[in-house]
Amino acid sequence: MTAQIAIDPKLVEDYILTLASYGSYGDTGVWRTVYSPEWVAATDQYASWCRDAGLTVSRDAVGNVWGRLQGTDAASSSIASGSHIDSQKPGGRYDGALGALAGLIAVKALKEQFGQPRRSIEAVAFCEEESSRFPSANFWGSRAITGRIEADDPDNTIGFDGETAAEAMRAVGLDPRRIPEAKRNDIDTFIELHIEQGPILEEAGIPVAVVNAVTGIRHYSVELHGTQNHAGAFPMDIRLDPMAGFMEIGSRAVDTAHRWGRPAVTTVGRVIVEPNATAVIPSRVQFTIDARHPDPERCERLYATHEGMMREVAARRNLDLDWTMQIDHQPCRSDPAVVSILQKCAAEQGIPILTMASGAGHDTQQMATIAKVAMIFVRSKEGRSHTPEEFSSIADIVAGIRLLAAGIHKLAY
């Protein structure tokens, strides 16, 4: 049985507030995009804290910051924990940043309380996850670690202001040609702590969750084409109305997920209508569908249900239908043995938990291609995230870090 892990609440709060000062926005917000001056300052601070904790600090080719506590068994693969250090525009203090800090604080506590581990332990601040500066970056930090950034990606990853990722990297002293050097093949297990970003833990009155799967995500960009005509003079029975088709597709897609029940979700988030006039039957409607499920088989079934329905509606209404997939992330199941260890550690540490799936995507999905993975969630007030209003209490955060440290202890000592 693992000894009780002690985590200093004051240290946790100080780290959170200090890191949030780099790119602070309003009273509680954070605006910190990858390779920005605020990002550089935040990574420097994280590296400084790692050094203060007695960890060996390194930065890889994309700017991920690593703090390593060397184990006695030099030949063994390491146990790693962390999350991303970039934010939404604006985001809050906790999304991503808390996981990066949790990994560091957990390793620091283990070193102080138990000394040198058998297996090396690493804390990491991933350079990017949010796609808030470069919409197609898609987990830039963890994709580099897993060797999934192609040679032409830096020049083809274009930011909202027209700058490429390659140009942004060079501006902060990083060479995009060296990205392959960031690839790792020596990480045995990766555990990511993150705020839940949803209401499940708060509904249950429980501070922490062990995550047994991360959802699959598919983003469709859909177009329906019809014939533009007068809204009064053209009869209903011979119209080719893409707006009518959109309304049926959107309603049925959302209703499908609602009828399936948790954890299936579907969202219609963006709509563009041409010509977007009151007295005109539109010629074209563009819209997005975001569909998610953490179970691989049911995820594919959800996608197939939506796609079949879109084809049927378009054919019945004589509309031209086209779609592209902007994002297609496969569901990721956590390693059962690591989940079991975390559940056991929660009981030993006296931490109430749920076991649940994540409805959001995370770096863990990328890391699962090279390591055994699991996640820990910390309760989010009112389920808020991707907003300056996101909040998790220090008591809940400390409980989550204690569980993370206890899990790492079982794996590394």
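- Minimum heavy-atom separation, Ala204 to Leu354: CB-CD1, 3.8 Å.
- Between the side chains of Gln70 and Ser120, at least one donor-acceptor pair of N or O atoms lies under 3.5 Å.
- In terms of heavy-atom proximity, Ala6 sits nearest to Ala109 at O-CB, 3.9 Å.
- Checked by atom type, the side-chain pair His219/Thr288 shows no donor-acceptor distance below 3.5 Å.
- Here the CD1 atom belonging to Ile105 is positioned 12.0 Å from the CG atom belonging to Leu110, to the nearest 0.5 angstrom.
- Tyr15 and Trp49 have their aromatic ring centers within a separation under 6.0 angstrom.
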Verdict with supporting geometry, Gln116 and Thr72, side-chain contact (heavy atoms from CB on, under 4.5 Å): CA-CA 7 Å; Gln116 187 177 18; Thr72 57; 3.5 Å; yes
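- In this structure, the ring-ring contact (aromatic ring centres under 6.0 Å, His included) partners of Tyr35, at least two apart in sequence or on a different chain, are Trp39.
- In this structure Asp155 satisfies the side chain to side chain donor-acceptor pair (under 3.5 Å) test with no other residue, sequence neighbours excluded.
- Residues Val222 and Met310 have side chains in contact (heavy-atom distance under 4.5 Å, counting atoms from C-beta outward).
- Here the closest non-hydrogen pair linking Glu192 and Gly82 is CG-O, 3.2 Å.
- For residues 16-32, every residue pair satisfying the side-chain hydrogen bond (donor to acceptor under 3.5 Å, both in side chains) rule, not counting sequence neighbours, is listed here: Tyr22-Gln45.
- There is no side-chain donor-acceptor pair under 3.5 Å between Gln197 and Ser380.
- The distance from the OG1 atom of Thr364 to the CD atom of Glu129 is 9.5 Å, given to the nearest 0.5 Å.
- With Gln365 contributing its side chain and Thr215 its backbone, the two residues share a donor-acceptor pair below 3.5 Å.
- Considering only residues two or more places apart in sequence or on other chains, Thr146 meets the side chain to side chain donor-acceptor pair (under 3.5 Å) condition with none of them.
- Annotation for Lys111: atom NZ does not count as buried by contact number, only 12 or fewer foreign heavy atoms lying within 6.0 Å.
- The backbone N or O of Ser385 lies less than 3.5 Å from no partner atom in the side chain of Asp95, so there is not a single donor-acceptor pair.
- Of all heavy-atom pairs spanning Pro331 and Pro294, the tightest one is CB-O, 3.3 Å.
- Of the possible polar contacts, none joining the Ser221 side chain to the Thr324 backbone as a donor-acceptor pair under 3.5 Å is found.
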Residue pair Ser48, Asp52: steps toward the side-chain contact (heavy atoms from CB on, under 4.5 Å) verdict: CA-CA 6 Å; Ser48 176; Asp52 291 345; 4.0 Å; yes
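- Residues Pro388 and Gly29 approach most closely at CB-CA, 3.5 Å, considering heavy atoms.
- In terms of modelled atom types and a separation under 3.5 Å, the side chain of Ser392 and the main chain of Arg379 share a donor-acceptor contact.
- The aromatic rings of Phe287 and Phe246 are tilted relative to each other, their planes meeting at an angle between 30° and 60°.
- Among all heavy-atom pairs drawn from Cys127 and Trp140, the shortest one is SG-CD1, 3.9 Å.
- For Asp188 and Arg119, the salt-bridge test passes: some basic side-chain N is under 4.0 Å from an acidic carboxylate O.
- Atom OG1 of Thr33 is separated from atom CG of Asp86 by 8.0 Å, given to the nearest 0.5 angstrom.
- Asp60 pairs by the salt bridge (Lys or Arg N to Asp or Glu O under 4.0 Å) definition with nothing, not counting sequence neighbours.
- Of the inter-residue distances, the one linking His84 atom NE2 with Leu98 atom CG reads 10.5 Å to the nearest 0.5 angstrom.
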Pair Ile401-Ile376, side-chain contact (heavy atoms from CB on, under 4.5 Å): steps then yes or no: CA-CA 9 Å; Ile401 299 175; Ile376 295 169; over 6 Å; no
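- Proximity of a side-chain donor or acceptor of Glu196 to a complementary backbone N or O of Ile200 within less than 3.5 Å is detected.
- Evaluation of the side-chain hydrogen bond (donor to acceptor under 3.5 Å, both in side chains) test over residues 404-413, restricted to residues two or more places apart or in two chains, returns Thr2-Lys410, Glu348-Lys410.
- Ring pair Trp260/His293 is perpendicular by interplanar angle, where above 60° counts as perpendicular and below 30° as parallel.
- Listed by chain and residue number, Arg177 satisfy the salt bridge (Lys or Arg N to Asp or Glu O under 4.0 Å) test with Asp175 (two or more places apart in sequence, or in another chain).
- In this model, a donor atom of one side chain and an acceptor atom of the other lie less than 3.5 Å apart for Ser78 and Glu122.
- For Asp44, the salt bridge (Lys or Arg N to Asp or Glu O under 4.0 Å) partners at least two apart in sequence or on another chain are Arg59.
- Shown here are the side chain to side chain donor-acceptor pair (under 3.5 Å) partners of Glu150, two or more places apart in sequence or in another chain: there are none.
- Rounding to the nearest 0.5 Å places CD1 of Ile249 at 8.5 Å from CZ of Arg252.
- The number of heavy atoms from other shown groups lying within 6.0 Å of CZ (Arg178) does not exceed 12.
- Counted by atom type alone, Gln366 and Ser142 present zero donor-acceptor pairs between their side chains at under 3.5 Å.
- Of the options Glu223, His225, Gln228, a side chain to side chain donor-acceptor pair (under 3.5 Å) to Arg284 is made by Glu223 and by none of the others.
- The ring pair (Phe, Tyr, Trp, His ring centres under 6.0 Å) contacts involving residues 330-386 comprise His194-His362, His362-Phe377, where partners must be two or more places apart or lie in separate chains.
- Ion pairing of Glu203 with Arg262 is present here, as a side-chain N (NZ or NE/NH1/NH2) and a carboxylate O approach within less than 4.0 Å.
- Ion pair Glu389/Lys381 not flagged as a salt bridge, since none of the NZ, NE, NH1 or NH2 atoms sits closer than 4.0 Å to an Asp/Glu carboxylate oxygen.
- Partners of Thr355 by side chain to side chain donor-acceptor pair (under 3.5 Å), not counting sequence neighbours, listed by chain and number: Gln343.
- Electrostatic pairing of Lys89 and Glu130 does not count as a salt bridge here, judged by no charged N lying under 4.0 Å from a carboxylate O.
- A search for salt bridge (Lys or Arg N to Asp or Glu O under 4.0 Å) contacts involving Asp153 returns Arg143, not counting sequence neighbours.
- Using a cutoff of 4.0 Å between basic side-chain nitrogens and carboxylate oxygens, Arg301 and Glu297 are not scored as salt-bridged.
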Val378 and Leu193: CA distance, side-chain angles, deciding distance, side-chain contact (heavy atoms from CB on, under 4.5 Å) verdict: CA-CA 8 Å; Val378 172; Leu193 182 143; 4.1 Å; yes
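- For the pair Thr164 (side chain) and Ile158 (backbone), a donor-acceptor distance under 3.5 Å is absent.
- Atoms CD1 and CZ, from Ile5 and Arg402 in turn, are 8.0 Å apart once rounded to the nearest 0.5 Å.
- Salt bridge absent: Glu167 and Arg170 never bring a charged side-chain N and a carboxylate O closer than 4.0 Å.
- Looking only at distances, a side-chain donor or acceptor of Glu128 sits under 3.5 Å from a matching main-chain atom of Ser131.
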